Each structure stands twice: as C-alpha cells, then as structure tokens.
K.L.:
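I'd like to ask you about the structure that follows.
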Amino acid sequence: MKLNSLTSRIRIYQKKSGDMEATSLSEARIYVGTYAKYNDGSIGGKWFGLSDFSDKDEFYEACKELHADEEDPEYMFQDWENIPDELIGESWLSENFFDIRDAMDDLSEDEQEAFLVWYNHGSHDLSTEDANDLISSFRDDFQGKYNDEEDYAYEIVEELYELPEFAKTYFDYEKFARDLFMGDYWFEDSFVFRAS
C-alpha cells in the first residue's frame, strides 16, 4: 500500500548530533554580510529568503544591492538555515542549490522525505551531481512507503504471483521479505528502495 501526500514541502535532512533533522529548502535563508564590514567590527547585513530568488545570479544581485556602499564586496554568509552544509559555506553557495530546490518541486511530501533517506544512504553529492539526474535515479530506486519489509513482500506477492487464496494462507511472507531485503531492496524510515 503506497501512501502519497498532497502537500509539497521540500525537506532536506541534515545530521546533527547523530540525529536526522528535517529542514525545508523552500524555507532556506542566508544572513549576508561582508568581510570588510566584519573586519571593521560590524555584522551589518540582512537575512535573505532564497525562495524569493529564481537562481544564484538573482540572489547575488540582491546581495550587491544590499552592500552597494562597498566597491567590490566580498560576501560573508554569517549564518544560514535549512540548507545542507554541502551546498553552502561561509563565502559560497553551490550552483546546485536552486536546481535541487526546483527539481524537488515535483515530488510529493513523502517522496521528498524518501529522497533524502535515499540520498543519505547512498554515495550521492548534492553539490556536484545534476539535480534532474539525482531525482531520476531516486525515482528508479524508490518503491514506496510501507509499514515494514513484510508489508512490501505481501504487495509483491499480490501483484506478481497468482497464488490461489488457500496457498496464500501457507505462504511465509516474513521469509520472503527477508530474502528480498538481503540484497535486492533496502528499507529505512518506512520507505522501500531497490538496491542499485
């Protein structure tokens, strides 16, 4: 049984103290100051919500307008929220941030959460991999949301095998699930993925 959500909040999981914490790319914010102001003892700047910008160039144009009092401002991102660490640093924002945010718009809330479980499980790099390729690979691997491994095994049997009703009462779904998840699939946080 697949469960789909009607909402489309974008979530990213970040590791903090060993726990996974959901954050929303649609709510990403950066406090932008400059190194010159900071070196002069000022933390003058402004919080920018990245949902107000369609791309990195538009964001940097707003930063330039904010710090128009400097001839060639060197931006300092003094704080940020809801952005994975591999997409931002003190003086840079990854080209991929806006692409990933936009590519995830087509995913349901459950799919967005599953994407982040899948991403954290694999060896994918948000900062360098093409956002659409990441989403495509995720969709190839993602099987759905289930109560447990046995729930998924039950669905596979129902969809792929034409067992008579009396045979289903003797079928060992637990062992079948164990066999499926020994190598072909993996299960985490209620999501099932094909092992690729």
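Remember, predicted model here, so these are calculated numbers, not experimental data. Because only heavy atoms are used, hydrogens play no part in the values below, and waters and symmetry mates are left out as well, while side chains stay in. This chain uses plain numbering: 1 for the first residue, then up along the sequence.
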K.L.:
NZ of Lys168: more than 12 outside heavy atoms within 6.0 angstrom?
P.N.:
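Enclosed.
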K.L.:
Could you tell me if the side chain of Ile100 sits less than 4.5 Å from the side chain of Met104, heavy atoms only?
P.N.:
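They are in side-chain contact.
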K.L.:
Under a single-linkage rule joining Ile, Leu, Val, Met, Phe, Trp and Tyr whose side-chain heavy atoms are separated by less than 4.5 Å, which residues share a cluster with Tyr31?
P.N.:
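ILVMFWY cluster around Tyr31 also holds Trp47.
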K.L.:
Parallel, tilted or perpendicular: which one describes the rings of Phe166 and Tyr170, with boundaries at 30° and 60°?
P.N.:
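If you compare the ring of Phe166 with that of Tyr170, the planes turn out perpendicular.
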K.L.:
Could you tell me whether a side-chain N or O of Glu158 sits under 3.5 Å from a main-chain N or O of Glu155, the two making a donor and an acceptor?
P.N.:
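Absent.
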K.L.:
Please check if any side-chain donor atom of Thr128 sits under 3.5 Å from a side-chain acceptor atom of Asp125, or the reverse.
P.N.:
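Looking only at side-chain atoms, Asp125 and Thr128 do form a donor-acceptor pair, the distance falling under 3.5 Å.
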K.L.:
Does Tyr152 have its ring centroid less than 6.0 Å away from the ring centroid of Tyr154?
P.N.:
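No, ring centres 6.0 Å or more apart.
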K.L.:
Side-chain heavy atoms under 4.5 angstrom apart, residues restricted to Ile, Leu, Val, Met, Phe, Trp, Tyr: same cluster for Ile135 and Leu25?
P.N.:
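Linked within one cluster.
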K.L.:
Parallel, tilted or perpendicular: which describes the rings of Phe59 and Phe98, with under 30° parallel and over 60° perpendicular?
P.N.:
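Rings of Phe59 and Phe98: tilted, as their planes differ by 30° to 60°.
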K.L.:
Could you tell me whether a side-chain N or O of Arg101 sits under 3.5 Å from a main-chain N or O of Leu50, the two making a donor and an acceptor?
P.N.:
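Flag set: sc Arg101 to bb Leu50 pair under 3.5 Å.
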K.L.:
Can a donor-acceptor pair be found, under 3.5 Å and without considering hydrogens, that links the side chain of Asp148 to the backbone of Glu150?
P.N.:
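Checking the backbone N and O of Glu150 against the side chain of Asp148, a donor-acceptor pair under 3.5 Å is found.
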K.L.:
Determine yes or no for a side-chain-to-main-chain donor-acceptor pair under 3.5 angstrom, with Ser137 supplying the side chain and Asp133 the backbone.
P.N.:
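Pair found, side chain donor or acceptor close to backbone of Asp133.
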K.L.:
Is the side chain of Asp184 donor-acceptor paired with the backbone N or O of Leu180 at a distance under 3.5 Å, no angle test?
P.N.:
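No, the answer is negative, given that no donor and acceptor are paired below the 3.5 Å cut-off.
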K.L.:
Hey, is CG on Asp72 packed in by over 12 heavy atoms from elsewhere, all under 6.0 Å?
P.N.:
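Not buried by this count: 12 neighbours or fewer within 6.0 Å.
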K.L.:
With side chains defined as the heavy atoms from C-beta onward, is the minimum distance between Phe77 and Glu90 less than 4.5 Å?
P.N.:
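Phe77 does not reach Glu90 side chain to side chain.
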K.L.:
Would His124 and Leu134 count as a side chain to side chain contact (heavy atoms under 4.5 Å, CB included) here? Give the steps.
P.N.:
CA-CA 8 Å; His124 304 283; Leu134 281 169; 3.8 Å; yes
K.L.:
Does Phe171 form a ring pair (Phe, Tyr, Trp, His ring centres under 6.0 Å) with Tyr173? I'd like the steps, not just the answer.
P.N.:
CA-CA 6 Å; Phe171 193 87; Tyr173 293 99; 4.9 Å; yes
K.L.:
Return the set of residues passing side chain to side chain contact (heavy atoms under 4.5 Å, CB included) with Asp99 (not counting sequence neighbours), or none when no residue passes.
P.N.:
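Side chain to side chain contact (heavy atoms under 4.5 Å, CB included) list for Asp99, sorted by chain: Asn96, Ala131.
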K.L.:
Give a yes or no answer on whether the side chain of His67 reaches the backbone of Val32 with a donor-acceptor pair at less than 3.5 Å.
P.N.:
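Such a contact is found between His67 side chain and Val32 backbone.
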K.L.:
Does Asp141 use its side chain to pair, donor to acceptor, with the backbone of Phe193 at less than 3.5 Å?
P.N.:
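Absent.
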K.L.:
Does Trp118 reach the side chain of Phe142, with side-chain heavy atoms less than 4.5 Å apart?
P.N.:
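No, too far: nothing below the 4.5 Å cut-off.
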K.L.:
Less than 4.5 Å apart, any side-chain heavy atom of Asp79 and any of Ile30?
P.N.:
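No, every pair of side-chain atoms sits at 4.5 Å or beyond.
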K.L.:
Taking everything shown except Leu163 itself, do over 12 heavy atoms lie less than 6.0 Å from its CG?
P.N.:
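Counting other residues, nucleotides and ligands, CG of Leu163 exceeds 12 neighbours.
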K.L.:
So Asp69 and Lys37, salt bridge (Lys or Arg N to Asp or Glu O under 4.0 Å) or not? Walk me through it.
P.N.:
CA-CA 10 Å; Asp69 59 326; Lys37 286 181 176 76; 3.1 Å; yes
K.L.:
Say you draw a straight line from CD of Glu174 to CG of Asp179; how long is it, rounded to the nearest 0.5 Å?
P.N.:
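If we round to the nearest 0.5 Å, Glu174:CD and Asp179:CG are 11.0 Å apart.
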K.L.:
Quick one about Thr34 and Glu70 (side-chain donor to acceptor, distance below 3.5 Å, no hydrogens or angles considered), yes or no?
P.N.:
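A pair is found: one side chain offers a donor N or O, the other an acceptor, under 3.5 Å apart.
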K.L.:
Do the non-hydrogen side-chain atoms of Ser190 and Tyr146 ever get within less than 4.5 Å of each other?
P.N.:
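Side-chain contact under 4.5 Å: no.
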K.L.:
Are Leu93 and Tyr75 close enough that some pair of their side-chain heavy atoms sits under 4.5 Å apart?
P.N.:
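No. Closest side-chain heavy atoms not under 4.5 Å.
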K.L.:
Does the side chain of Ser91 come within less than 4.5 Å of Tyr35's, by heavy atoms?
P.N.:
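Yes, at least one pair of side-chain atoms sits under 4.5 Å.
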K.L.:
Tell me, do Arg139 and Asp106 make a side-chain contact under 4.5 Å, heavy atoms counted?
P.N.:
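Heavy-atom side-chain distance check passes, below 4.5 Å.
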